[in-house]
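Structure, as structure tokens:
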Number of protein chains: 2
Amino acid sequence: MQSRPRIPEATVARLAVYLRVLTGLADGGRRTVSSGELASAAGVNPAGLRKDLSHLGPCGTRGVGYEVSTLRDRIAGVLGMETAHACVLVGIGNLGAALAGYGGFGSRGFEFVGLFDASPARVGQQIGGLPVRPVAELEDVVAATGATIGVIATPAEVAQPVCDRLAAAGVRSILNFAPVTLSAPAGVDVRQVDLSVELQVLAFLDKQRGAVPGVRLDALAPAGGMA
Amino acid sequence: MQSRPRIPEATVARLAVYLRVLTGLADGGRRTVSSGELASAAGVNPAGLRKDLSHLGPCGTRGVGYEVSTLRDRIAGVLGMETAHACVLVGIGNLGAALAGYGGFGSRGFEFVGLFDASPARVGQQIGGLPVRPVAELEDVVAATGATIGVIATPAEVAQPVCDRLAAAGVRSILNFAPVTLSAPAGVDVRQVDLSVELQVLAFLDKQRGAVPGVRLDALAPAGGMA
DNA sequence: CTATGTGAAGAGATTCACAGCG
DNA sequence: CGCTGTGAATCTCTTCACATAG
């Protein structure tokens, strides 16, 4: 129906993917897409894509498809991308430096406003036009910039204290790359990205596939080239 | 026992987390844990943890709990960690270099046996004791090492061709960090890690929480003629 | 009396099939 | 006609409650 009490989290994650695909299509000058084509490019089922989009209200034209730029803007609005999000990043090791220098965030409305590291050797370096600051300044920078998102790329041992300080400083969302499960106060949302877990799932699926002789050939994806 | 019809993928991902917690407990000299304590450390529901472990067959002692080292070894075996997995990594930019230098993989049985980049400036550099090779050598190295896992950390534009080459060379599992949806032939499993998607989900949850008091998302509602 | 292991209930997400609009 | 939008069926995962073993 029209009411939107809440959008399922699984749908939100896919909306972000649709948004990426639509941005590419718009840059390529494309005017409209069908659910089938968009679903193919996003790697999902066409009916599932339409159900995802139904949470935004009617936004397609029957018999035609979706207008690329309109749908892109609608999704961007729902995901809260009309306003930029200020982020702080704690832990400027290899991964942290990679995240700080990654251009994919800025183009999607996420801007780093503070980089922090405990190592004096790192402090003072410039990454992506931003200086690395001592962690002692964390609270001040969060307060001054109003950052609402914190990214943790520290060693596992200090991730929990950093999480506590971020939460206390007023950060409401935390993305954690350290291989520990963090606990945060109510009202602070934590998302975990564990690179080793991803590899272990892959390895397991491979092992399981090799051990099962009876294979199901439900290949549906690679429908030849491009549409 | 060996009879395992099939373990749900969601369970596999959590098993990897339990394994990490158990390894930490074992290093701390701990002998046994209860499901409640282990679940708390892993950030999951105790009953869910017991159901996850039930897929491995009985491995606890009623009235006592689980023996830490035994359970750790059991999970490691199920995840296929008794044998090391050879991985190749394509795209040695900031993120690729971070992955190549990340110690968390080696300690979990994943070993990089080849690093590849298209840029002559990168080729020849040493990262984590391994030289960066030109991508032209990709097929030879996969064949020579028998690598079964490929990690893609290239720009989005070249991720699909790299995926195709990895699959053709015999790699069976691919972990993709490039912000594109890859299509791979049947028999090759692709897992996507999109850092921007993670941030966008966080931002949406925060926005949604802020709007909770009155549940008013009318700014999105198509009152009549939304354009 | 402890804490595990598990069937059953519940919630959520995916897929299907078709009604309805252009 | 084609393609969207959606109710209903299907499937999977989660949570609960309790029997069961130590």
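In what follows, chains are A, B, ... by sequence order, proteins preceding strands, each numbered from 1.
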Distance, rounded to the nearest Å, where A:R14 contributes CZ and C:dG12 contributes C1': 11 Å
Salt bridge present between A:R72 and A:E67 (N-O < 4.0 angstrom): no
Gap between atoms CD and P, on A:E67 and D:dC3 respectively (whole Å): 17 Å
B:E198 side chain vs A:A13 backbone, donor-acceptor pair below 3.5 Å: no
Separation of C:dG5 C1' from B:D52 CG (nearest whole Å): 13 Å
Separation of atom CG in A:L38 from atom P in D:dG2, rounded to whole Å: 20 Å
B:S34, nearest nucleotide to its side chain (from C:dA17, C:dA13, C:dT4): C:dT4
Along DNA chain C (nearest heavy atom to each residue), the more 5'-positioned of A:A47 and B:Y66: B:Y66
Sugar-phosphate only, base, or nothing, as touched by A:G48 at under 4.0 Å among non-hydrogen atoms: base
Any B:S35 side-chain N or O less than 4.0 Å from OP1/OP2 of C:dA3: no
Length of the CD1-C1' vector between B:I7 and D:dC13, whole Å: 15 Å
Ion pair B:R30/B:E37, N-O distance below 4.0 Å: yes
Between A:R172 and A:T148: side-chain donor-acceptor atoms closer than 3.5 Å: no
Nucleotide D:dG5, atom P - distance to CG of A:L56 in whole Å: 10 Å
Among D:dT12, D:dA17, C:dA13, the nucleotide that comes nearest once only the side chain of B:R50 is considered: D:dA17
Closest to the A:N45 side chain, choosing from C:dT15, C:dT4, C:dT14: C:dT15
Euclidean distance, atom CG of residue B:L71 to atom P of C:dT4 [Å, nearest integer]: 11 Å
DNA chain C-proximal residues of residues 187-204 of chain B, any heavy atom under 4.0 Å: none
Any A:V151 side-chain heavy atom under 4.5 Å of A:F112 side chain: yes
Any donor-acceptor N/O pair under 3.5 Å between D:dT20 base and B:R62 side chain: yes
Minimum-distance nucleotide to A:K51 side chain [options: D:dC13, D:dG7, C:dG22]: D:dG7
B:L15 CG - D:dC13 P separation (whole Å): 13 Å
Closest to the A:P58 side chain, choosing from C:dG5, D:dG5, C:dA13: D:dG5
Side chain to side chain donor-acceptor pair (under 3.5 Å) partners of residues 81-90 of chain A, not counting sequence neighbours, each pair once: none
Out of D:dA8, D:dA17, D:dC13, whichever nucleotide has its closest atom nearest the side chain of B:A10: D:dC13
A:S173-A:D189 side chain donor-acceptor pair, cut-off 3.5 Å: no
